[in-house]
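Accompanying notes for the structure given below.
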Amino acid sequence: MAYKILIFGASYGSLLATKLALAGHSAKMICLPHEAELFNKEGAIVRMPVKGREGLVQVESRKLPGQITAGGPAGVNPKDYDLVVLGMQEPQYRSPGVRELLDAVAKSKVPCMSIMNMPPLPYLKRIRGIDANAIRPCYTDATVWDGFDPKFMTLCSPDPQAFRPPEEKVNVLQVRLPTNFKSAAFESPEHTAILRKLEADVEASRFEGMELPVKLKVHDSVFVPLAKWAMLLAGNYRCVTKAGIRSIKDSVHSDLAASRAVYEWVVKLVVSLGADEKDLVPFDKYAAAAQGLASPSSAARALYAGAPNIERVDRLVKTIAAGKGMRLAAVDETVALVDAKLEENRRSGASAAKAKPAQAA
């Protein structure tokens with residue numbers, strides 16, 4: 001049985017879409033008009049390292065058994081799909097058109113899997129010990145999530161690292177770290193069965209006789225995707241410094257003891273919420289993987305490109321920890337640095353808007 005999957009986002013979302021198309025399923029990606037035109041004309045192109053082979057293997061979606069299409073949010077009926085995947089950055093869900101489609105998804109009761117770093121608010125309502133009202137200010141606009149029933153939402157940790165090469169067209173994605181997507185189960189066994197089927201089909205798929213990395217792994221524990229929090233706090237958000245931006249590798253390895261302290265503090269927080277430490281990733285394993293992450297995180301890049309909003313997992317973790325009576329000065333410093341940079345960006349954006357000459361009607 002082939003599933004139809006609706007994916008919000010066509011950048012990181014194209015990686016999962018390509019893996020699903022290789023496994024024989026179809027995906028429709030919601031994206032900008034110029035992106036949709038290119039994907040529909042030339043397909044998605046994903047390049048990834050494969051163990052035992054030199055260079056990168058190029059996977060072109062037009063050659064796969066499943067189909068990938070793309071378009072805008074208008075006229076899309078979520079009930080036409082078996083699964084919805086949230087692959088946009090959290091601030092984008094309040095955008096005109098996207099917000100309305102997200103609300104339609106909530107009303108449709110179609111199961112929804114997020115591959116965002118920032119867990120959707122309804123997912124965190126599934127975890128006892130998290131005060132859902134206290135964390136609302138951590139979201140760009142928490143009201144976009146109000147229509148969801150938590151039992152229809154799950155979270156998949158976006159562990160694979162990928163980027164759009166700046167010299168290439170926007171339908172090209174390059175995988176830097178080919179690890180697995182790790183999803184928590186839904187509350188409903190029926191909905192989880194969809195994920196299990198996708199997991200099995202991705203595992204069995206081959207490209208030109210090759211087994212490709214980047215699998216989908218489904219776990220019973222709601223805490224498995226939260227393993228990413230320690231990585232984000234120890235690496236991604238610490239790309240932001242008083243002196244400017246730095247790579248994830250440098251964030252982790254310039255002061256390994258400091259990185260370990262942040263990482264293990266976040267692990268302690270997740271365990272206090274109910275996680276089993278064996279479901280989380282040891283610091284040494286993460287630090288080894290970070291050796292290959294020679295670029296700044298996407299959050300840091302967006303911040304230094306002038307973004308007025310980014311995903312705030314740093315603030316989310318700090319807020320949840322405060323509710324548990326936990327605090328770490330290094331995390332407070334990171335949150336303060338990100339806050340300050342965002343405020344600077346917003347002031348610059350407001351000044352630029354005021355300085356822009358009025359357009360003739």
Side-chain angles (χ1 to χ4, degrees), residues 12 15 48-52 115-119 155-163 174-184 212-241 245-301 311 313-314 316-318 320-321 324 326-335 337-338:
Y12 194 65
L15 173 58
M48 62 178 66
V50 176
K51 192 173 182 178
I115 56 171
M116 303 188 296
N117 279 326
M118 186 72 170
L155 179 65
C156 180
S157 181
D159 288 0
Q161 299 286 308
F163 65 100
Q174 186 167 318
V175 178
R176 180 186 289 120
L177 184 65
T179 46
N180 297 322
F181 290 102
K182 295 186 294 188
S183 179
L212 297 182
V214 187
K215 308 293 181 68
L216 173 64
K217 302 294 183 181
V218 183
H219 299 263
D220 292 330
S221 171
V222 295
F223 298 101
V224 167
L226 304 192
K228 189 70 182 286
W229 285 3
M231 305 175 196
L232 294 169
L233 271 289
N236 297 43
Y237 286 95
R238 291 175 68 238
C239 292
V240 181
T241 74
I245 194 170
R246 62 181 176 181
S247 69
I248 296 176
K249 177 183 176 180
D250 288 344
S251 298
V252 176
H253 288 275
S254 62
D255 187 339
L256 208 56
S259 301
R260 183 187 295 275
V262 171
Y263 193 97
E264 293 182 350
W265 180 83
V266 179
V267 167
K268 182 181 177 183
L269 170 63
V270 177
V271 169
S272 78
L273 293 170
D276 188 325
E277 196 161 348
K278 69 178 177 60
D279 288 332
L280 307 179
V281 179
F283 174 74
D284 290 334
K285 183 176 181 180
Y286 166 66
Q291 288 278 15
L293 302 178
S295 298
S297 64
S298 59
R301 293 197 306 270
E311 292 186 333
V313 183
D314 60 323
L316 178 71
V317 170
K318 176 183 174 178
I320 293 172
K324 290 285 185 179
M326 294 175 60
R327 184 179 177 186
L328 189 69
V331 170
D332 290 348
E333 181 182 4
T334 295
V335 171
L337 285 169
V338 176

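As the structure is a computational prediction, the values presented were derived from the model and not from experiment.
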(message) Measuring from atom NE2 of H219 to atom SG of C156, what distance do you get when rounded to the nearest 0.5 angstrom?
(response) 9.0 Å
(request) Give a yes or no on this: more than 12 heavy atoms of other residues, nucleotides or ligands lie within 6.0 Å of atom NZ of K268. (result) no
(message) Run the side-chain contact (heavy atoms from CB on, under 4.5 Å) test on W265 and V317 for me, step by step, so that the C-alpha distance in whole Å, both residues' side-chain angles and the decisive distance to 0.1 Å come before the verdict.
(response) CA-CA 11 Å; W265 180 83; V317 170; 4.0 Å; yes
(message) With side-chain contact (heavy atoms from CB on, under 4.5 Å) as the criterion, how do W229 and I320 come out once you've worked through the C-alpha distance, each side chain's angles and the decisive distance to 0.1 Å?
(response) CA-CA 12 Å; W229 285 3; I320 293 172; 3.7 Å; yes
(message) Distance check, rounded to the nearest 0.5 Å: L155 atom CG versus M116 atom CE?
(response) 8.0 Å
(request) Indicate the atoms forming the closest heavy-atom contact of K318 with D332, along with that distance. (result) CE-OD1, 3.3 Å
(message) Run D284 and R260 through side-chain contact (heavy atoms from CB on, under 4.5 Å) and show every step you take.
(response) CA-CA 9 Å; D284 290 334; R260 183 187 295 275; 2.8 Å; yes
(message) Just so I know, are the side chains of F283 and L256 near enough to count as touching, which here means a heavy-atom distance under 4.5 Å?
(response) yes
(request) Taking the side chain as every heavy atom from C-beta outward, state whether P119 and L316 have any atom pair closer than 4.5 Å. (result) yes
(message) Determine whether a donor-acceptor pair (N or O, by modelled atom type, separation under 3.5 Å) exists between the side chain of Y263 and the backbone of G235.
(response) no
(request) Of all the heavy-atom pairs spanning A227 and D279, show the shortest one and how long it is. (result) CB-O, 4.4 Å
(message) Could you tell me if the side chain of Y286 sits less than 4.5 Å from the side chain of L280, heavy atoms only?
(response) no
(message) Looking at R176, I want to see if its CZ is surrounded by more than 12 non-hydrogen atoms of other residues, nucleotides or ligands under 6.0 Å.
(response) yes
(request) Run through S254, S259, S251, S297 and flag the one making a side chain to side chain donor-acceptor pair (under 3.5 Å) with R238. (result) S259
(message) Is the shortest side-chain heavy-atom distance between M48 and L212 below 4.5 Å?
(response) yes
(message) Tell me whether Q291 at atom CD has more than 12 heavy atoms from other residues, nucleotides or ligands lying less than 6.0 Å away.
(response) yes
(message) Testing the basics here: between A184 and S221, what is the closest heavy-atom pair and its distance to 0.1 Å?
(response) CB-O, 3.5 Å
(request) Determine, step by step, whether R246 and T241 satisfy the side-chain contact (heavy atoms from CB on, under 4.5 Å) criterion, reporting the C-alpha distance in whole Å, the side-chain angles of both residues, the deciding distance to 0.1 Å, and the verdict. (result) CA-CA 8 Å; R246 62 181 176 181; T241 74; 3.4 Å; yes
(request) Looking only at non-hydrogen atoms, find the nearest pair between A289 and L293 and report the distance. (result) O-CG, 3.9 Å
(message) Within the structure provided, determine whether P158 and N117 are in side-chain contact (heavy-atom separation under 4.5 Å).
(response) yes
(message) Nearest 0.5 Å, please: how far is CG in L232 from CE in M118?
(response) 10.5 Å
(request) With the side chain counted from C-beta on, respond yes when F163 and S298 share a heavy-atom pair under 4.5 Å apart, and no when they do not. (result) no
(request) Heavy atoms only: give me the nearest P49-P213 pair and the separation to one decimal. (result) O-CG, 3.4 Å
(request) Hey, could you give me the CG/CD1 distance between N236 and I248, rounded to the nearest 0.5 Å? (result) 4.0 Å
(message) How long is the straight-line distance from CG of L337 back to SG of C239, given to the nearest 0.5 Å?
(response) 12.0 Å
(request) Report yes or no: does N180 contribute a side-chain atom to a donor-acceptor pair with the main-chain N or O of K215 at less than 3.5 Å? (result) yes
(message) Less than 4.5 Å apart, side chain to side chain, heavy atoms only: is that true for T334 and V240?
(response) no
(message) Quick one, L15 and F181 - any side-chain contact, counting heavy atoms below 4.5 Å?
(response) yes
(request) Step through the shown structure and confirm whether more than 12 heavy atoms of other residues, nucleotides or ligands are within 6.0 Å of NZ on K182. (result) yes
(request) Search all heavy atoms of A287 against all heavy atoms of H253 and return the closest pair with its distance. (result) O-NE2, 2.8 Å
